[in-house]
Amino acid sequence: MKKDLKSLSDLSAKEIESLFRKATLLKKERKRGKVRGTLRGKTLAMLFEKTSTRTRVSFEIAMRELGGDAVYLESGTTQVGRGETYADTAKVLSRYAHGILIRTYGQGIVEELAKASDVPVINGLSDLYHPCQILADLFTVGENKRERRKVAYIGDGNNIANSWIQAALLLRFPLVVATPHGFEPDRQILEVARNQKDVSVIITDDPVEAVRGAAVVNTDTWFSMGQKEEEEKRRRFQPYQLNQKLLKEAAPDAIVLHCLPAHRGEEITDEVMDGSQSRIWQQAENRLHVQKALLEMLLK
Ligand code: CP
Ligand code: NVA
């Protein structure tokens with residue numbers, strides 16, 4: 001049976017643990033210059049309907065370093081862009097490639113692709129979720145020994161916020177999300193969180209309450225891909241900017257995460273991004289190691 005990663009809820013806590021053990025090993029091996037050929041002869045088809053730096057490059061290099069290959073497809077230059085269905089595309093790509101990565105808009109597209117595909121489908125970001133990113137974020141939290149401590153997410157209730165909530169439900173760490181009214185995370189995901197016992201996911205409009213005592217402070221752009229940049233929204237989000245003053249409310253040993261790309265001076269200041277508490281570059285690097293482990297798990 002093939003396994004997909006449409007969202008984090010496709011994984012169990014145990015599987016995440018074993019992914020991270022593998023990622024740790026792969027990271028060490030890479031530093032020593034050791035090459036693995038575990039995915040020799042395997043190809044990942046990567047269909048992008050939105051722009052990307054990290055996801056594209058880290059997946060492409062991950063495949064190469066594991067002895068496999070990757071094919072980059074942009075919807076605008078493929079027949080999907082002219083209306084060929086995602087299901088038909090999936091059936092065809094399944095006969096060429098051993099896995100399909102998609103970055104797209106609606107989560108329904110990821111679901112349609114996964115349903116029709118005979119090979120594993122990986123969500124490389126949709127409007128609703130960004131599971132590969134949050135896996136790397138969680139791995140970074142573990143490397144910094146901040147597991148099970150309070151995580152704060154401040155800003156827009158977007159794909160990153162939704163995936164953090166799924167992560168908190170799976171791994172049972174306390175999470176507080178602060179967004180302005182009207183920009184809360186996805187309703188259905190919040191409903192699931194409300195109905196699950198023994199988890200602490202709090203949604204507030206108070207950024208100070210969210211950050212207070214947190215060991216991990218996390219933010220993301222106020223304008224996700226596909227959203228219009230509006231002055232009114234920028235103004236409403238101003239109190240949610242991750243700056244030094246807000247960061248002072250966190251635990252003294254708190255670390256700062258941002259999935260990138262950042263709008264410096266908007267959701268995060270230069271001072272925080274480049275400061276001593278930032279683990280943002282380590283987080284970006286970890287995309288490579290964690291995705292290698294994921295590719296081995298799904299494609300081998
Ligand atoms: N964080 C992330 O997914 O970055 P890209 O949009 O550059 O892929
Ligand atoms: N929320 C952002 C994440 C980018 C990696 C977006 O969807 O554009």
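Numbering of ligands and ligand atoms starts at 1, following listing order.
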What's the verdict on ring pair (Phe, Tyr, Trp, His ring centres under 6.0 Å) for Y153 and W164, showing C-alpha distance, side-chain angles and the deciding distance?
CA-CA 8 Å; Y153 173 92; W164 267 104; 8.0 Å; no
Nearest to [atom], what protein heavy atom do you find, and at what distance?
| atom | result |
| --- | --- |
| atom 3 (C) of ligand 2 | D220 OD2, 3.6 Å |
| atom 7 (O) of ligand 1 | T53 N, 2.7 Å |
| atom 4 (O) of ligand 1 | R54 NE, 2.8 Å |
| atom 2 (C) of ligand 1 | R287 NH1, 3.4 Å |
| atom 6 (O) of ligand 1 | R103 NH1, 2.8 Å |

[atom1]/[X] to [atom2]/[Y] distance, rounded to the nearest 0.5 angstrom?
| X | Y | atom1 | atom2 | result |
| --- | --- | --- | --- | --- |
| N243 | D270 | CG | CG | 12.0 Å |
| K228 | K233 | NZ | NZ | 11.5 Å |
| I100 | S94 | CD1 | OG | 4.5 Å |

SB check D253 R149 (cutoff 4.0 Å):
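A salt bridge is present here (some side-chain N lies under 4.0 Å from a carboxylate O).
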Between E296 and K292 (salt bridge meaning N to carboxylate O under 4.0 Å), is one present in this structure?
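Salt bridge absent between E296 and K292.
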Evaluate the side-chain hydrogen bond (donor to acceptor under 3.5 Å, both in side chains) criterion for residues T140 and Q282: first the C-alpha distance (whole Å), next the side-chain angles of each, then the deciding distance (0.1 Å), finally the verdict.
CA-CA 7 Å; T140 309; Q282 178 186 359; 5.5 Å; no
Could you go through N286 and Q133, starting from their C-alpha distance and side-chain angles, then the distance that decides it, and tell me whether this counts as side chain to side chain contact (heavy atoms under 4.5 Å, CB included)?
CA-CA 9 Å; N286 282 336; Q133 178 65 54; over 6 Å; no
Can you find an N or O of [X] that's nearer than 3.5 Å to an N or O of ligand 2?
| X | answer |
| --- | --- |
| R103 | no |
| M225 | yes |
| S224 | yes |

Report the part of L125 in contact with ligand 2, treating N, CA, C, O as backbone and CB onward as side chain, heavy atoms under 4.0 Å; options are side chain, backbone, both, neither.
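Within the 4.0 Å criterion, L125 contacts ligand 2 through side-chain atoms alone.
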Start with the C-alpha distance between E266 and R234, add both sets of side-chain angles, then the distance that settles salt bridge (Lys or Arg N to Asp or Glu O under 4.0 Å), and finish with yes or no.
CA-CA 8 Å; E266 286 191 8; R234 190 169 277 122; 2.8 Å; yes
Atoms in ligand 2 flagged as close to [X], the criterion being non-hydrogen separation under 4.0 Å:
| X | answer |
| --- | --- |
| L260 | 5 (C) |
| N158 | 1 (N) |
| N159 | 1 (N), 2 (C), 6 (C), 7 (O) |

So is there a nitrogen or oxygen of P261 less than 3.5 Å from a nitrogen or oxygen in ligand 1?
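No.
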Under 3.5 Å between any N/O of T51 and any N/O of ligand 1: does that happen in this structure?
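No; the residue has no nitrogen or oxygen that sits under 3.5 Å from a nitrogen or oxygen of the ligand.
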Is T55 near ligand 2, meaning one of its heavy atoms is under 4.0 Å from it?
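Flag not set, T55 not near ligand 2.
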Within the 4.0 Å heavy-atom shell around [X], which atoms of ligand 1 are there?
| X | answer |
| --- | --- |
| C259 | 1 (N) |
| H130 | 2 (C), 3 (O) |
| Q133 | 1 (N), 2 (C), 3 (O) |

Just to check, does L260 reach to within less than 4.0 Å of ligand 1 when the distance is taken from its heavy atoms?
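L260 counts as a contact of ligand 1 under the 4.0 Å cut-off.
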Ligand 1 contact by K50, heavy-atom criterion under 4.0 angstrom
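Heavy atoms of K50 never come under 4.0 Å of ligand 1.
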Relative to each other, are the rings of F20 and F139 parallel, tilted or perpendicular (30° and 60° limits)?
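F20 vs F139 ring planes: perpendicular.
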Classify the ring geometry between H263 and F223 as parallel (under 30°), tilted (30 to 60°) or perpendicular (over 60°).
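Because their plane-to-plane angle lies in the 30° to 60° range, the rings of H263 and F223 count as tilted.
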Are K50 and F48 in a cation-pi contact, defined as NZ or CZ under 6.0 Å from the six-membered ring centre and within 45° of the axis?
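K50 over F48 ring: no.
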